[in-house]
Number of protein chains: 2
Amino acid sequence: MQAAEYIGDKKFRMVEGSRVSPGEGEVCIQVGYVGICGTDMHIYHGVMDGRVKPPKTIGHEMSGTVVEVGAGVSDYVVGDRVVVRPLDYCGECPACTAGHSHVCHNLKFMGIDSPGAMQNFWTVKARTLHRLPKSISLEKGALIEPLAVACHDISRSRLSEGEKAVVIGGGPIGQLVAQVAKSVGADVLISEVNAARRDFAEKTGINAIDPLAEDLHESVKTWTQGKGADVVFEVSGVQPAIDAMTQIAAVRGRICVVAIHSQKPQVDLFQFFWKELEMVGARVYEAADFDMAIELVEQGHVDLDPFISSISDLGEVETAFASMDNNPEGMKALVRCGEEAHHA
Amino acid sequence: MQAAEYIGDKKFRMVEGSRVSPGEGEVCIQVGYVGICGTDMHIYHGVMDGRVKPPKTIGHEMSGTVVEVGAGVSDYVVGDRVVVRPLDYCGECPACTAGHSHVCHNLKFMGIDSPGAMQNFWTVKARTLHRLPKSISLEKGALIEPLAVACHDISRSRLSEGEKAVVIGGGPIGQLVAQVAKSVGADVLISEVNAARRDFAEKTGINAIDPLAEDLHESVKTWTQGKGADVVFEVSGVQPAIDAMTQIAAVRGRICVVAIHSQKPQVDLFQFFWKELEMVGARVYEAADFDMAIELVEQGHVDLDPFISSISDLGEVETAFASMDNNPEGMKALVRCGEEAHHA
């Protein structure tokens, strides 16, 4: 079987891999599609080489079909269409025993810390699987993982019907957060400096504002009749967004930190005191978030079609990465990994 | 009647005030004792003159006895011993209508934005009162307000029995937070650089650590068997504490920001993502926090006696402030304001 391997410095190579026979509690999946994540782009740029240790097959946003089932697996049979929740947790640390295995002290992220899905066949623990309903294509199935990220963000923020939410940053995750926010009945505004991304928001039913052209604080004040935003999602990772998030949040407003901040930004803690703000971090997802993501797509509450920017074959993976590099117009590039995927 | 007036630049003067007859919904209180708060010290140093607009009678941590009742007041009678929750809210803004009048958009803090308690008689709205049980002296009654601050912090943090909490900063509020944390059944550790304050903690049953002598992160790791602190109270207002709070918090740990940060510190938002941390701001108190504070003292769960560092007469208020200036050994200086208070 064919596998793509990231070999460092924006380069991939195709190798003849060996299909791994599933052990106890494992299944082998014929991979359908794999999406390229922002984290994959970081890997592509070489900044995560220390953790990834190339050469390595990466990729974790995926869909596929079960082709072989190991001993002790009773929930899945050959032919089941599935997605993988790519978290390998220890089950024994304080986080796992407290029921938070997705933030396990020893968490291994599949496709980063262990081999990923950019190959024809991927053998994984059955406990990572979620079943894909017939109504969801394998193409869309590859976007369930990032949609589950957005579901987790909504869950962490406790956003509810009738509330007003501002999403700062209109990249793929920010746009998905906005879609999920809308699906729970919230009013949503995206703040985004890039015109193409604002257009994407508007085309998918989300109001967007350019914070460089308009005063976001004043706009939110007007929009909320002076109250401020019930929830702010920080999905940009830049200091101006950190300044804005405390300004635009309502008294007792909740801020959900979605972006990964490698620097320590300056945060206006006075506003946390003055308005009794709340801030929660959100990392990956829990099983319930995958269930919610699948349900949102199945029931037509979130349309993933506009998010698919391109589909490339596995052999063209390097080109697919290059096409997403510094391309704010691209939302999600998919890589077609399995032969049967064509028929899905 | 006599009133102390702050006149700017660490100075007070005694003036002959006029006892204000209570209007509808108001009561006149013969003031018993008034505590000097950290905020009063800021006023004393002149840094809040723009807001305070001296000359002004300040003071908001108080106890007293009702001596006159205005029209429409049915809950209180002459002779009732009371404390005042010194918040004057509008009742109409989004925060008030959402039930959060203590963080009213137009909140006036009595004793800062309007005249305070450092006088023989203070006339206030009856809705600000809480009744003081017979078992609590007027001296201790003056400490109900700062204890209510601590109760509010505990409430905001959702600290519960069996959890481990670290209080960073062992000033009067930090020590009271530690006492309330202990009263709800939590294990508590205070991190404090000043030896006198560590001694105070130990004498009142709270373990204390010097973060300049020991590695706080390692100590908390050992104390919590690698888990980290369930709750961290940031009561210091300094950057090293901001660095420590994200380090020592457990996965899904809660951080309660109690200190007032006039600068914007650098906050490690990566840790918020990685450990799914939560941070809540806490400002003043709600009615339930006063009720809890009174109950804690009445039932003997918190002993306020060690917190009373000195008692001065109203005429000596300037000396009382001077004695607290840069004095880490002082916890709470009381000012005796009414004649009857002697007999309480």
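Keep in mind that the numbers below use all heavy atoms, side chains included, and drop hydrogens, waters and symmetry copies.
Interatomic distance, CD of B:Gln271 versus NE2 of A:His261, reported as 13.0 Å (0.5 Å rounding).
Shortest non-hydrogen contact noted between B:Trp274 and A:Val103 is O-CG1, 3.7 Å. Residues A:Gly226 and B:His105 approach most closely at O-CE1, 3.5 Å, considering heavy atoms.
In terms of heavy-atom pairs under 4.5 angstrom with chain A, the leader among B:Arg252, B:His100, B:Gln225 is B:Arg252. Ranking A:Val257, A:Leu107, A:Val258, A:Ile260 against chain B, the residue ahead of the rest is A:Ile260, based on heavy-atom pairs under 4.5 Å.
The interface of residues 166-181 of chain A with chain B, defined by heavy-atom distances below 4.5 Å, is empty. Contacts between residues 230-248 of chain A and chain B, counted as heavy-atom pairs separated by less than 4.5 Å, involve A:Ile242, A:Asp243.
Looking at B:Arg156, only its side chain comes within 4.5 Å of chain A, counting heavy atoms on both sides.
In this structure, the side chain of B:Arg283 does not engage the main chain of A:Glu276 through any donor-acceptor pair within 3.5 Å.
Remark: A:Arg158 does not engage B:Glu278 in a salt bridge, criterion side-chain N to carboxylate O under 4.0 Å.
Each of B:Met279, B:Lys264, B:Gln263 was checked for a side chain to side chain contact (heavy atoms under 4.5 Å, CB included) with A:Leu269, and the lone residue meeting it is B:Met279.
Applying the 6.0 Å contact sphere to NE2 of A:His42 captures no more than 12 heavy atoms from other residues, nucleotides or ligands.
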